[in-house]
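These numbers come from the heavy atoms of this one structure, side chains and all, not from hydrogens, waters or symmetry mates.
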Amino acid sequence: MAFPIITAQEAAEYVKHGDNLGISGFTAAGTPKVVPAAIAEKAEREHAAGREFKVNLFTGASTNDATDGALTRANAIDKRTPYQGSGDLRAGANKQQLNYFDLHLSELAQKIRQGTYGKIDVAIIEAQSVTDEGEIVLGTGVGNIPTLAALAEKVIVEVNDQIPAEIAGLHDIYVPLDPPYRREIPIYTANDRIGTPVLKVDPKKIVGVVNTSASIGGGAFSPVDEKTMRIGNFVCDFLLGEMKAGRIPKTFLPLQSGVGNIANAVLASLEANPEVPVFEMYTEVVQDAVVNLLLSGKCKFASSSSMTFSNEANKLFFDNIDKLGDRLMLRPCEISNHPEVVRRLGVISMNTAIEADIFGNVNSTHVSGVKMMNGIGGSGDFTRNAYISIFSCPSESKAGAISNIVPMVSHVDHSEHSVDIVITDQGIADLRGKSPIQRAKEVIENCAHPDYRPLLREYLALAKGGHTPHTLQSAFAFHTALATDGTMKAAKF
């Protein structure tokens with residue numbers, strides 16, 4: 001069957017007020033580029049005519065400005081999950097103009113299949129190609145689209161001619177059975193293929209194909225600076241020390257890395273250090289640094305849900321597809337982030353924090369405990385199940401006005417029970433096998449910025465008694481000083 005070729009505006013007419021939309025991709029990679037923007041335009045027309053128009057958005061992770069940004073600006077989002085990275089959506093969530101709920105990325109697909117959030121009305125898929133039989137070669141990100149497309153009543157395929165045909169074969173599409181019928185996920189090494197290279201969709205559900213030539217790449221990451229380089233080098237030092245001590249096998253273990261400039265700097269440091277052995281990655285996102293790692297042979301294989309590359313890195317990857325095509329695999333995030341597989345493979349997790357407290361609790365999501373930043377993403381999926389869990393952040397930010405090491409985190413995403421190692425530009429705090437007091441001293445002396453160590457020591461000295469000593473009246477003194485005086489250095493206990 002030949003599917004009708006429609007415009008983005010015609011595709012938007014299939015979307016109604018109150019619909020649950022499923023969107024392909026993971027970050028901007030693999031996310032549709034033109035249909036969501038057309039839905040935002042429709043929302044503006046509907047609002048101008050005095051009619052309600054809002055949708056509920058279910059994705060793999062964050063999306064792009066044409067999706068989260070445009071729909072937020074059009075006041076067209078009611079519910080949003082599981083993760084976002086849009087400044088507009090973040091502002092809308094923090095002003096309570098939309099209902100964003102944060103969720104571990106590995107959980108969403110199963111919750112959708114079990115009907116937790118209702119039916120999926122429309123799925124919108126970025127694709128390299130689609131056959132008359134409904135076999136779709138996806139783009140540079142997978143996310144949750146295998147489940148979303150399977151359950152959707154209608155499917156719109158956005159075929160992007162900027163996605164090279166050579167991407168065919170990189171995907172491994174697999175959806176596990178649901179409880180109580182689930183069997184083990186048969187991944188025993190990072191490069192095990194367990195599914196199909198194409199997404200198969202019932203062709204009767206495909207209402208149209210939208211053609212586009214939109215750019216598939218994202219923005220470049222900031223160059224490595226002295227602070228991020230120090231963090232990266234400390235991560236390398238820690239991993240090499242564990243290997244020399246026999247706690248990491250000499251063959252090394254698969255690595256997971258979060259997204260962002262610090263994560264890119266850590267990967268660059270791993271590549272540059274000749275003592276770090278060749279390794280594999282079992283992760284949710286591969287960034288620009290991974291292309292160089294694959295080309296150099298330092299990373300021999302990367303399993304991911306997304307190629308979150310800049311335009312330059314995308315070109316570099318596909319220019320070298322003959323070398324790299326069998327070294328990268330893209331999976332649904334339900335599989336890339338699955339706790340069972342993370343635990344089995346012995347993945348070492350490396351994620352970033354907004355702040356950590358002296359006892360080892362980590363805040364990944366909320367600035368000053370109130371304002372949502374992006375979301376928990378996949379950090380919890382990996383941290384709770386990692387062979388070793390590492391969190392990194394600068395020791396201070398905003399020209400020293402903020403200490404990222406605090407007496408008590410203002411919001412807890414990862415408790416002390418899940419966090420093994422904290423690393424800043426100041427050094428490494430190994431929290432394993434230590435009591436709360438021992439952890440506090442380790443974090444203060446090794447990770448806090450020197451300007452803040454006296455204050456943190458003072459707090460710990462005041463907090464007497466109990467297994468985890470706190471002075472509750474002063475636990476958030478850093479945060480209240482920032483709010484009232486513009487700097488945490490003004491904290492008083």
Side-chain angles (χ1 to χ4, degrees), residues 188-190 228-258 262-284 289-290 293 296-303 339 341-353 356 359-362 378-395 405 414-436 438-448:
Y188 308 106
T189 61
T228 54
M229 181 175 66
R230 284 176 60 84
I231 292 172
N233 289 339
F234 280 130
V235 172
C236 286
D237 290 345
F238 170 75
L239 293 175
L240 288 171
E242 290 296 288
M243 190 173 66
K244 290 172 183 174
R247 292 186 288 267
I248 293 176
K250 291 183 178 179
T251 53
F252 222 54
L253 288 168
L255 301 179
Q256 174 263 337
S257 175
I262 290 178
N264 230 26
V266 169
L267 293 173
S269 295
L270 290 170
E271 181 186 18
N273 194 312
E275 294 185 69
V276 175
V278 172
F279 58 85
E280 295 178 326
M281 297 188 71
Y282 193 86
T283 188
E284 58 187 354
V290 177
L293 285 164
S296 70
K298 194 63 170 277
C299 178
K300 59 183 176 181
F301 191 85
S303 170
V341 182
V342 172
R343 182 68 63 89
R344 176 186 297 134
L345 297 184
V347 174
I348 297 170
S349 70
M350 304 184 297
N351 291 288
T352 55
F359 297 107
N361 301 291
V362 166
S379 58
D381 296 327
F382 289 93
T383 296
R384 285 292 299 274
N385 301 284
Y387 186 87
I388 301 172
S389 64
I390 302 170
F391 277 94
S392 301
C393 63
S395 59
I405 304 298
H414 311 281
S415 79
E416 61 190 89
H417 308 293
S418 303
V419 179
D420 293 324
I421 310 295
V422 176
I423 295 177
T424 71
D425 52 291
Q426 299 298 316
I428 303 166
D430 187 344
L431 311 185
R432 297 172 297 177
K434 293 181 173 67
S435 70
Q438 290 174 320
R439 290 198 300 268
K441 292 177 180 178
E442 182 92 359
V443 170
I444 292 170
E445 302 308 325
N446 292 342
C447 290

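- Annotation: Lys441, atom NZ; neighbour count of heavy atoms from other residues, nucleotides and ligands within 6.0 Å does not exceed 12.
- In this structure, OG on Ser418 lies 9.5 Å from CG on Asn361, to the nearest 0.5 angstrom.
- Side-chain atoms of Thr228 do not come within 3.5 Å of backbone N or O of Ile262 as any donor-acceptor pair.
- In this structure, Cys299 and Phe279 have side chains that are in contact, with non-hydrogen atoms separated by less than 4.5 Å.
- Ile428 places a side-chain heavy atom less than 4.5 Å from the side chain of Ile421.
- Contact check for Leu239 versus Ile248: side-chain heavy atoms found under the 4.5 Å cut-off.
- With values rounded to the nearest 0.5 angstrom, Ser303 atom OG is found 10.0 Å from Met281 atom CE.
- Closest non-hydrogen pair, Gly433 versus Gln438, comes out as O-OE1, 4.3 Å.
- Put simply, the residue from Thr283, Thr383, Ile390 that forms a side chain to side chain contact (heavy atoms under 4.5 Å, CB included) with Gln256 is Thr283.
- Val422 and Cys447 make their closest contact through O-SG, 3.3 Å (heavy atoms, listed as atom of the first residue, atom of the second, distance).
- The number of heavy atoms from other shown groups lying within 6.0 Å of CZ (Arg384) does not exceed 12.
- In this structure, the side chains of Ser389 and Asp420 come closer than 4.5 Å at one or more pairs of heavy atoms.
- With hydrogens and angles disregarded, no donor-acceptor distance shorter than 3.5 Å links the side chain of Glu416 to the backbone of Gly360.
- With a 4.5 Å cut-off on side-chain heavy atoms, Asp425 and Met229 do not count as touching.
- Closest of all the heavy-atom pairs between Ile405 and Ala448 is CG1-CA, 4.0 Å.
- Rounded to the nearest 0.5 Å, atoms OG1 (Thr424) and CZ (Phe234) are 7.5 Å apart.
- Summarising the geometry, atom CZ belonging to Arg230 is positioned 12.0 Å from atom CD1 belonging to Ile423; distances are rounded to the nearest 0.5 Å.
- Among all heavy-atom pairs drawn from Val342 and Asn385, the shortest one is CG1-O, 3.7 Å.
- Between Leu270 and Met350, some side-chain heavy-atom pair lies under the 4.5 Å cut-off.
- At least one side-chain heavy atom of Val235 sits less than 4.5 Å from a side-chain heavy atom of Ser392.
- Remark: Asp430 CG to Arg432 CZ distance equals 4.0 Å, nearest 0.5 Å.
- Between Leu255 and Ile348 there is a side-chain heavy-atom pair separated by less than 4.5 Å.
- Of the possible polar contacts, none joining the Arg247 side chain to the Glu242 backbone as a donor-acceptor pair under 3.5 Å is found.
- The minimum heavy-atom distance linking Phe359 with Pro436 is given by the pair CD2-O, 3.3 Å.
- Put simply, OG on Ser269 and CG on Asp237 are 9.5 Å apart, with the number rounded to the nearest 0.5 Å.
- In this structure, the side chain of Lys298 does not engage the main chain of Ala272 through any donor-acceptor pair within 3.5 Å.
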